[in-house]
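Report on the following structure.
Sequential numbering from 1 along the given sequence is applied to the chain's residues. Here the structure is a predicted model, which is why all the values come from computation and not from measurement. As the structure lists them, so they are numbered: ligands from 1, and atoms in each ligand from 1.
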Amino acid sequence: MTIDVPFLDLDAAYVELRPQIDAAVSGVLASGRYLLGAQTEAFEAEFAAACSAAHCVTVGSGCDALELSLTALGVGPGDEVVVPAHTFIATWLAVSRCGARPVPVEPSPDGYLVDVEAVEAAITPRTAAILVVHLYGEVADLAAIRRVADRHGLALVEDAAQSTGARGRDGAVVGSGSTAAAFSFYPGKNLGALGDGGAVVTADDDLARRVRLLRNYGSVAKYVHEVRGTNSRLDEIQAAVLRAKLPLLDAWNARRATIAALYLDRLEEASGVRLPPHDQGRSAWHLFVVRCHDRETLQRELTRHGVETLVHYPTPVHLSAAYADHGHRAGSLPHAERLAREVLSLPMGPHLPLPAAERVADLVAVLAARP
Ligand SMILES: *Cc1c(COP(=O)(O)O)cnc(C)c1O
């Protein structure tokens with residue numbers, strides 16, 4: 001079996017930008033400064049501007065960006081944080097690593113993102129924050145969730161790992177409408193480094209300063225340690241590479257949107273697959289996720305025809321071994337469990353050729369319709 005449509009072609013981004021990326025890397029190599037230097041500082045300013053936010057503090061990963069945002073907000077042992085049941089496990093792990101407890105909320109029955117009423121119902125006297133995830137690049141209804149957060153005096157944190165450059169239904173770019181937003185620069189994300197990286201974006205001066213302390217041993221001035229921080233820094237090579245790629249983010253997201261529009265158009269009448277919600281805001285189209293009743297068969301048939309697909313994510317977080325001690329039972333979060341059985345991610349990325357996307361859509365239309 002040969003794969004002729006890979007799920008994501010990562011080196012194509014390097015090929016497109018080779019001279020800029022090579023120059024960025026060799027510039028850092030020659031500079032003699034490999035951490036917390038001019039590239040990091042410049043990228044932080046540029047990324048904050050791209051997010052219409054006052055501050056960007058880079059860190060070692062998206063997971064760290066979430067954890068350090070929550071820690072900087074004072075979230076810790078004894079606290080609860082409301083999280084989506086349907087998400088990547090990193091969202092929950094960041095909460096657990098702060099010492100707090102993730103309290104899962106079901107997705108709305110007809111979509112992938114949290115049900116806003118269920119968010120409010122999950123709030124208890126121990127709740128310290130609401131963590132929303134713009135899963136697959138689709139932006140959550142931040143205005144509605146912010147009203148809930150405000151009503152209960154809670155911090156609102158965005159897991160924006162999959163939504164760099166996306167815009168909400170009010171037109172505001174992701175990262176500008178919450179207490180803090182956490183981004184990931186994992187290579188496969190919409191703005192990907194050549195290794196791990198992440199950032200916290202916020203309008204709050206004090207919060208930015210605390211994250212800055214936490215990422216570097218609790219210190220902004222050498223050997224003056226104000227708090228017990230950790231070591232979580234983006235390195236200069238990654239910062240320089242991200243600076244080379246950032247100017248292309250909007251164009252790359254627009255290419256993703258073109259592919260999504262093609263899929264939506266060609267699969268509109270297809271039986272056997274449910275299409276992702278697409279009428280709110282401007283998704284980053286990190287992933288194009290359909291739902292189908294017999295996912296295993298569809299995935300196997302697509303593989304047989306040379307099309308690679310993935311599942312995000314096959315095991316609901318609450319039923320994973322990592323959270324066995326939280327006592328969640330199978331059936332306790334039925335919508336999330338159903339999504340885990342039904343979701344299938346089609347090939348998606350700025351470098352997926354349109355004829356390949358057409359082929360994928362036509363194959364899905366035929367194969368999903370089979371009884
Ligand atoms: C990728 C991802 C993260 C974690 O980012 P890393 O950089 O891999 O640590 C967190 N949340 C979601 C939803 C993600 O997709």
Side-chain angles (χ1 to χ4, degrees), residues 7-8 10 43 47 56-71 81-98 102 104-105 107 111-114 129-140 142 145 156-166 174-175 178 180-201 211 214-215 230-235 238-239 241-242 245 253 256 276 283-289 310-318 320 322-323 336 339-340 343 345 348-349:
F7 181 73
L8 175 64
L10 268 187
F43 175 69
F47 194 68
C56 163
V57 184
T58 53
V59 295
S61 71
C63 196
D64 284 357
L66 286 167
E67 181 191 345
L68 298 185
S69 300
L70 293 168
T71 302
V81 176
V82 175
V83 297
H86 182 62
T87 183
F88 180 52
I89 193 169
T91 313
W92 289 45
L93 291 175
V95 174
S96 300
R97 278 171 40 187
C98 298
V105 163
Y112 300 130
L113 305 186
V114 280
I130 298 171
L131 182 44
V132 292
V133 183
H134 306 302
L135 198 68
Y136 308 149
E138 183 196 351
V139 182
L142 274 185
I145 298 172
L156 174 60
V157 178
E158 292 169 84
D159 178 340
Q162 299 190 359
S163 60
T164 313
V174 160
S178 62
F183 290 86
S184 166
F185 306 124
Y186 174 80
K189 298 290 161 75
N190 288 39
L191 179 65
L194 304 180
D196 277 315
V200 177
V201 163
V211 176
L214 288 168
R215 74 166 175 188
T230 186
N231 173 358
S232 179
R233 301 175 297 218
L234 185 76
D235 66 67
Q238 302 308 338
V241 168
L242 290 168
K245 286 185 167 188
N253 281 352
R256 289 174 180 272
S283 173
W285 292 111
H286 175 60
L287 296 170
F288 190 94
V289 178
L310 295 177
V311 173
H312 300 90
Y313 301 89
T315 306
V317 184
H318 66 285
S320 67
Y323 281 96
L339 285 181
V343 289
S345 306
M348 172 52 86

**OP:** Just jot down the ligand 1 atoms closer than 4.0 angstrom to any heavy atom of C63, in number order.
**Re:** 4 (C), 5 (O), 6 (P), 9 (O)

Original post:
Does the separation of the ring centres of F88 and Y186 fall below 6.0 angstrom?
Top reply: no

Original post:
Identify the closest protein heavy atom to atom 1 (C) of ligand 1: which residue and atom is it, and at what distance?
Top reply: K189 NZ, 1.6 Å

Original post:
Is P107 close to L339 at the side-chain level, that is, under 4.5 Å between some pair of heavy atoms?
Top reply: yes

**OP:** Using distance alone, decide if ligand 1 has a nitrogen or oxygen within less than 3.5 Å of any nitrogen or oxygen in G62.
**Re:** yes

Original post:
Does L142 reach the side chain of E158, with side-chain heavy atoms less than 4.5 Å apart?
Top reply: yes

**OP:** State whether the shortest distance between N or O atoms of D159 and N or O atoms of ligand 1 falls below 3.5 angstrom.
**Re:** yes

**OP:** Measure the spacing between NE2 of H286 and CE of M348 and express it to the nearest 0.5 Å.
**Re:** 10.5 Å

Original post:
Which residue owns the protein heavy atom closest to atom 15 (O) of ligand 1, what's the atom, and how far is it?
Top reply: Q162 NE2, 2.7 Å

**OP:** Hey, could you give me the CG/NZ distance between L8 and K189, rounded to the nearest 0.5 Å?
**Re:** 11.5 Å

**OP:** Assess the side chains of Y136 and S345: does a donor N or O sit below 3.5 Å from an acceptor N or O?
**Re:** no

**OP:** Find all atoms of ligand 1 within a distance of less than 4.0 Å from any non-hydrogen atom belonging to S184, and give their numbers and elements.
**Re:** 5 (O), 6 (P), 7 (O)

Original post:
Which ligand 1 atoms, with their elements, are less than 4.0 angstrom from a heavy-atom of A90?
Top reply: 3 (C), 4 (C), 10 (C)

